[in-house]
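Residue numbering restarts at 1 for every chain, and letters A, B, ... go by the order of the sequence lines.
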Number of protein chains: 2
Amino acid sequence: MSKNLTQQLTHKLGEAIVKGDYPIGTRMPSEAVLCEQFEISRSATREAVKMLSAKGLISSRPKQGITVNPETNWNLYDSDVLEWILKSKPSLHLLKEFTQVRFAIEPMAAKLAAENATPAQINQMETALYRISEAQEGLEDQLDAHINFLNMILVASGNRFFIQLTQFVDAALRVSIRYTNQVKGISNTDVTFHVKVFNAIKNGDASTAQKLIYDVLSEALTLIESRL
Amino acid sequence: MSKNLTQQLTHKLGEAIVKGDYPIGTRMPSEAVLCEQFEISRSATREAVKMLSAKGLISSRPKQGITVNPETNWNLYDSDVLEWILKSKPSLHLLKEFTQVRFAIEPMAAKLAAENATPAQINQMETALYRISEAQEGLEDQLDAHINFLNMILVASGNRFFIQLTQFVDAALRVSIRYTNQVKGISNTDVTFHVKVFNAIKNGDASTAQKLIYDVLSEALTLIESRL
DNA sequence: ACATTACATTTATCATATAAATATGCATTC
DNA sequence: GAATGCATATTTATATGATAAATGTAATGT
């Protein structure tokens with residue numbers, strides 16, 4: 001758990017809101033009541049409320065109190081909010097939504113990576129590739145290695161908005177194995193696939209890099225949709 | 001300007017950080033100093049600090065003080081952060097990054113919209129279409145009408161992560177006209193284009209909807225890159 | 001040289017008081 | 001009767017002072 005009281009309350013309330021304990025549009029307990037319930041001071045409570053409103057989950061106004069915002073206001077790309085969503089309502093439908101975003105983003109990121117990756121980034125990708133092959137022999141966690149490789153592609157894209165999505169992709173992949181119980185199908189276990197992607201990016205072959213990622217995600221999406 | 005002191009300070013500091021007034025990795029003025037500088041109480045100051053740290057811009061720890069986080073920690077999809085970025089360092093390069101994200105997202109959103117749009121959403125899109133044609137005759141702001149139409153596509157996708165990006169696309173389009181000084185080229189002024197997109201979505205023709213948006217954004221991106 | 005302790009600084013928390021905002025109901029006016 | 005203005009009660013917003021906890025740094029001891 002987070003160390004300080006403010007963050008603890010932020011997480012507790014954030015999770016509760018996402019879970020639906022405080023329905024959208026309704027008023028949450030007032031500042032004073034929250035203090036009582038969680039036995040902390042007003043300062044800590046108010047700061048937690050501010051953090052949640054900064055993430056779009058709630059808004060607070062005098063007299064009206066603290067109200068839960070509609071989901072469209074939530075900062076879904078905030079890693080805390082993502083974490084709460086995953087913790088509270090994981091579902092195959094959610095996985096589909098995640099994968100649709102990946103399907104939109106990652107092929108483009110691979111394309112950009114092929115066009116823009118620096119030599120240093122190529123080296124890091126090669127290291128990531130090595131980690132995947134090691135993982136196959138059980139030396140390292142397979143999922144972590146995969147995520148690391150995919151994150152490197154996002155980073156190498158050079159577009160800060162793609163880079164920002166590393167946490168998103170991380171979350172998406174971690175939820176995916178809850179349902180598929182294997183990395184295969186989501187992101188091919190076979191390291192030869194990753195080698196192909198790596199070579200395409202290294203050689204600046206943008207369209208091949210794009211197509212490789214596109215195809216594997218297309219397959220993943222089809223698999224998920226077949227199970228819905 | 002925002003009404004309450006906390007939000008005012010949040011915006012002032014957020015903007016200043018993004019602008020680079022407080023370089024990344026450096027310590028910001030301490031709580032006490034911020035109170036003095038802005039002549040507000042510690043409560044308000046601390047709450048602003050909490051909001052900024054909720055958005056990933058800063059982190060604060062005892063003794064170490066308030067430090068500016070690396071840009072990779074910033075929640076770039078937060079509409080406040082976006083606003084500050086646009087306000088502080090608009091550039092053609094930024095526009096390119098924006099458009100790359102749109103290029104990744106919007107064709108897919110159009111495809112999903114064609115597959116999933118509800119009758120009510122189709123109606124709303126038709127209204128949006130009407131607003132564009134009205135705007136052409138000067139009755140309404142052209143840009144707003146365009147943004148409204150594009151947002152409807154995102155909403156109709158049914159994927160909450162795409163829906164969340166309405167603010168992003170809004171920001172992207174508003175910055176785009178600063179450089180192109182026209183909506184044309186970014187999102188075809190000619191309403192016939194939008195009619196085509198609308199019809200494709202209405203008829204459930206996913207691939208056509210996707211291709212239409214893909215093509216217009218491809219063109220926009222080429223235009224931007226030619227000017228870099 | 002290393003570990004331990006003491007200290008100083010900064011944020012974190014608590015408590016209390018006052019101000020400002022605003023929804024609600026009431027009265028007043030036309 | 002409808003609309004407008006006003007009083008009031010409730011809730012958050014702000015201010016302030018005091019204490020606690022965390023943590024980097026320096027002093028100390030072995």
Side-chain angles (χ1 to χ4, degrees), chain A residues 1-17 21-70 73-74 80, chain B residues 1-17 21-70 73-74 80:
Chain A
M1 185 63 89
S2 329
K3 27 195 170 189
N4 68 49
L5 291 180
T6 298
Q7 285 181 25
Q8 282 179 40
L9 183 59
T10 303
H11 277 258
K12 281 181 194 167
L13 290 181
E15 209 179 311
I17 290 168
D21 291 350
Y22 303 108
I24 288 165
T26 63
R27 293 173 62 150
M28 294 190 58
S30 75
E31 205 173 282
V33 175
L34 288 174
C35 291
E36 270 186 32
Q37 284 184 353
F38 295 92
E39 295 180 315
I40 57 177
S41 72
R42 283 191 52 216
S43 330
T45 303
R46 283 185 58 80
E47 284 166 17
V49 166
K50 289 298 170 192
M51 294 195 80
L52 290 173
S53 75
K55 292 176 187 298
L57 267 64
I58 60 181
S59 45
S60 76
R61 292 167 51 194
K63 179 68 184 181
Q64 184 178 321
I66 305 164
T67 56
V68 180
N69 288 339
N73 289 42
W74 301 1
D80 285 329
Chain B
M1 184 63 88
S2 330
K3 26 195 169 188
N4 68 50
L5 292 179
T6 298
Q7 285 182 25
Q8 283 179 39
L9 183 58
T10 303
H11 278 257
K12 282 182 192 167
L13 290 181
E15 209 179 312
I17 290 168
D21 291 350
Y22 303 107
I24 288 165
T26 63
R27 293 173 62 149
M28 294 189 58
S30 74
E31 204 173 281
V33 175
L34 288 175
C35 291
E36 272 186 31
Q37 284 184 354
F38 295 92
E39 296 180 315
I40 57 178
S41 72
R42 291 204 356 259
S43 331
T45 304
R46 283 185 59 79
E47 284 167 17
V49 167
K50 288 298 169 190
M51 294 195 82
L52 290 173
S53 74
K55 292 176 189 298
L57 267 64
I58 60 181
S59 43
S60 77
R61 291 166 51 193
K63 180 67 186 180
Q64 184 178 323
I66 304 164
T67 56
V68 180
N69 287 339
N73 290 42
W74 301 1
D80 285 329

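- Within 4.0 Å of S30(B), counting heavy atoms only, lie sugar-phosphate atoms of the nucleic acid but no base atom.
- Among the nucleotides dT10(C), dT13(C), dA13(D), the one closest to any side-chain atom of S60(A) is dA13(D).
- Atom CG in L5(A) sits about 12 Å away from atom P in dA15(C), given to the nearest Å.
- Residues Q64(A) and E39(A) each lie close to DNA chain C; by heavy-atom proximity, the contact nearer the 5' end of the strand is made by E39(A).
- Side-chain to base pairing of R46(B) with dT14(D): no donor and acceptor N or O lie closer than 3.5 Å to each other.
- Without hydrogens or angle criteria, N73(B) side chain to G56(B) main chain gives no donor-acceptor distance under 3.5 Å.
- Counting to the nearest Å, the C1' atom of dT24(C) and the CZ atom of R27(A) are 12 Å from each other.
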*Run the side chain to side chain contact (heavy atoms under 4.5 Å, CB included) check on K50(B) and R46(B) step by step: do they pass?*
CA-CA 6 Å; K50(B) 288 298 169 190; R46(B) 283 185 59 79; 4.0 Å; yes

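- Atoms CD1 (I40(B)) and P (dA20(C)) sit 15 Å apart, rounded to a whole Å.
- Rounded to an integer number of Å, the gap from Q7(A) CD to dT11(C) C1' is 12 Å.
- Among the heavy atoms of the strands lying under 4.0 Å from S43(A) is at least one base atom, whether or not backbone atoms are also near.
- Nucleotides of DNA chain C nearest to R61(A) and A44(A) differ in position, and the one nearer the 5' end is that of A44(A).
- Residue N4(B) contributes atom CG, which lies 10 Å from atom P of dA21(C) at whole-angstrom precision.
- Separating the CG atom of L34(A) from the P atom of dT11(D) is a distance of 12 Å, rounded to the nearest angstrom.
- A side-chain donor-acceptor contact under 3.5 Å links R27(B) to the backbone of Q64(B).
- Judged purely by atom type and a 3.5 angstrom limit, W74(A) has no side-chain atom pairing as donor or acceptor with the backbone of I58(A).
- Which of dA23(C), dC14(C), dT23(D) sits closest to the side chain of S41(A) comes down to dC14(C).
- Considering only side-chain atoms of E47(B), the nucleotide from dT13(C), dT14(D), dT10(D) that sits closest is dT14(D).
- Atoms NZ (K3(A)) and P (dA20(D)) sit 22 Å apart, rounded to a whole Å.
- With hydrogens and angles disregarded, no donor-acceptor distance shorter than 3.5 Å links the side chain of K55(A) to the backbone of K55(B).
- Listed pair T6(B) / dT14(D) meets the phosphate criterion, a side-chain N or O lying under 4.0 Å from OP1 or OP2.
- Proximity of K50(A) to the phosphate of dA13(D): a side-chain N or O atom is located under 4.0 Å from OP1 or OP2.
- As rounded to whole Å, 10 Å separates atom P of dT11(C) from atom CZ of R42(B).
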